[in-house]
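Okay, structure first, notes after.
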Amino acid sequence: IHSGQDGIQAQGNISISGWPIIEIDSYEDGIQTRSHFSMSNGELTIHTFEGYDTLYFDKDTMSAKGIKATTSDEVTEDATNTILITGGTINVDSSDDAIHSDANLYFTRGTINVRRGADGIHSDSILVIGTENGFERDPEINVLESIEVIESGNIYIYSGKVYVKAIDD
């Protein structure tokens, strides 16, 4: 998908399952839902705006997130949007947050590779990595370039591997 705006946008849910290979190159958000995003298998590659190493991205006037679950363009306190990743591989090179939810993010399996110009992984409320009594192999998160890596109101890391490189937090 090559888009001058959002790559994939839905007012409802977006779900990726089976074994698709999806590549998105978008000027704005790679995937944007006003509800919930889930992925259980497949390979998803997203490049937004000019990627993580841009000098021209203006976070006050633009949105170029990799995956975004938001109620509206304005973040609200009562957002109920959730991102659930239970498998597959996600590669994100974004000018803005790589993965962003106005509510909750859950990563239980799969591999996530991120290069981004703002937050690597961001949720406003809860961020869960792995599962209680899980294994080292679930999931694997690699934030290769970032200003702030993992940001949330509450962060729970139960299992898996998390590798990060940040210039700030």
Side-chain angles (χ1 to χ4, degrees), residues 7-8 13-26 29-33 36-49 51-54 57 59 63-70 75 79 81-169:
I8 297 173
N13 299 329
I14 296 174
S15 178
I16 297 173
S17 62
W19 287 103
I21 297 173
I22 301 170
E23 295 181 10
I24 299 171
D25 186 356
S26 62
D29 299 317
I31 294 176
Q32 180 191 67
T33 175
H36 305 283
F37 173 84
S38 66
M39 181 170 171
S40 60
N41 287 312
E43 183 174 330
L44 177 60
T45 301
I46 299 173
H47 178 269
T48 67
F49 190 59
Y52 81 98
D53 197 21
T54 182
F57 180 74
K59 67 178 183 174
S63 181
K65 294 172 176 58
I67 299 170
K68 178 170 85 172
T70 183
V75 175
N81 307 86
T82 298
I83 294 175
L84 174 63
I85 299 169
T86 60
T89 300
I90 299 173
N91 302 297
V92 179
D93 178 4
S94 66
S95 300
D96 202 345
D97 295 354
I99 301 174
H100 176 100
S101 173
D102 283 353
N104 306 314
L105 277 143
Y106 299 92
F107 301 108
T108 60
R109 289 189 65 98
T111 301
I112 298 168
N113 300 302
V114 169
R115 288 183 179 273
R116 51 67 45 228
D119 296 336
I121 300 170
H122 174 101
S123 72
D124 289 345
S125 186
I126 296 172
L127 172 63
V128 176
I129 297 171
T131 58
E132 290 187 62
N133 302 315
F135 299 98
E136 184 179 279
R137 68 180 180 272
D138 344 289
E140 183 172 331
I141 297 174
N142 303 295
V143 180
L144 308 171
E145 298 284 340
S146 182
I147 296 171
E148 295 178 348
V149 179
I150 297 173
E151 182 178 22
S152 181
N154 298 285
I155 298 172
Y156 304 94
I157 301 175
Y158 294 114
S159 63
K161 296 178 182 178
V162 180
Y163 303 96
V164 299
K165 180 181 176 186
I167 62 172
D168 193 2
D169 300 333

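FYI, the numbering just counts along the sequence from 1. FYI, side chains are in, hydrogens and waters are out, and symmetry mates aren't considered; it's all heavy atoms of this structure. What you are looking at is a predicted structure, and each value in this text was computed from that prediction instead of being measured.
- The distance from atom CD1 of Ile67 to atom CG of Leu105, rounded to the nearest 0.5 Å, is 9.0 Å.
- Partner of Glu43 under the side chain to side chain contact (heavy atoms under 4.5 Å, CB included) criterion, out of Ile16, Ile22, Asn91: Asn91 alone.
- In this structure, Asn41 contributes its side chain and Ser17 its backbone to no donor-acceptor pair below 3.5 Å.
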Pair Asn13-His36, side-chain hydrogen bond (donor to acceptor under 3.5 Å, both in side chains): steps then yes or no:
CA-CA 5 Å; Asn13 299 329; His36 305 283; 4.7 Å; no
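- Between the CD1 atom of Ile83 and the NE2 atom of His100 there is a distance of 8.0 Å, given to the nearest 0.5 Å.
- With rounding to the nearest 0.5 angstrom, the CD1 atom of Ile157 is 5.0 Å from the CD1 atom of Ile150.
- Using modelled atom types, one finds no donor on one side chain facing an acceptor on the other under 3.5 Å when comparing Ser123 with Ser101.
- Taken from CD in Glu23 to CD1 in Ile21, the straight-line distance is 8.0 Å, to the nearest 0.5 Å.
- Taking both residues in full, the closest heavy atoms of Tyr163 and Lys161 are given as OH-CD, 3.5 Å, listed atom of the first, atom of the second, then distance.
- Partner of Glu140 under the side chain to side chain contact (heavy atoms under 4.5 Å, CB included) criterion, chosen from Thr89, Ile112, Thr111, Ile129: Thr111.
- Here the closest heavy-atom approach between residue Ser159 and residue Pro139 is recorded as O-CD, 3.7 Å.
- Heavy atoms from other residues, nucleotides or ligands lying under 6.0 Å from CG of Asn133 number 12 at most.
- Residues forming a side-chain contact (heavy atoms from CB on, under 4.5 Å) with Ser63 (at least two apart in sequence, or on another chain): Asp29, Lys65, Lys68, Asp96.
- With contacts defined as side-chain heavy-atom distances shorter than 4.5 Å, the pair Leu44/Ile24 qualifies.
- Nearest approach of Ala64 to Ser94, heavy atoms of both residues: O-CB, 3.6 Å.
- A distance of 10.5 Å separates CD1 in Ile8 from OG1 in Thr33, rounded to the nearest 0.5 Å.
- Across every non-hydrogen atom of Val114 and Ala98, the tightest pair is CG1-CB, 3.3 Å.
- Considering CZ of Phe37 and CG of Asn81, their distance stands at 13.0 Å, rounded to 0.5 Å.
- Residues meeting the side-chain hydrogen bond (donor to acceptor under 3.5 Å, both in side chains) test with Thr108, sequence neighbours left out: none.
- Residues that satisfy the side-chain contact (heavy atoms from CB on, under 4.5 Å) test with Asp138, not counting sequence neighbours, are Arg109, Phe135.
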Step by step, work out the side-chain contact (heavy atoms from CB on, under 4.5 Å) result for Leu144 and Tyr52.
CA-CA 10 Å; Leu144 308 171; Tyr52 81 98; over 6 Å; no
Any chance you could lay out the side-chain hydrogen bond (donor to acceptor under 3.5 Å, both in side chains) test for Ser15 and Ser38, step after step, and finish with the verdict?
CA-CA 5 Å; Ser15 178; Ser38 66; 3.2 Å; yes
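- Ser125 places no side-chain N or O within 3.5 Å of a backbone atom of Asn104 that could act as its donor or acceptor partner.
- When atom types are taken as modelled, the side chain of Ser95 and the backbone of Gly51 share a donor-acceptor pair closer than 3.5 angstrom.
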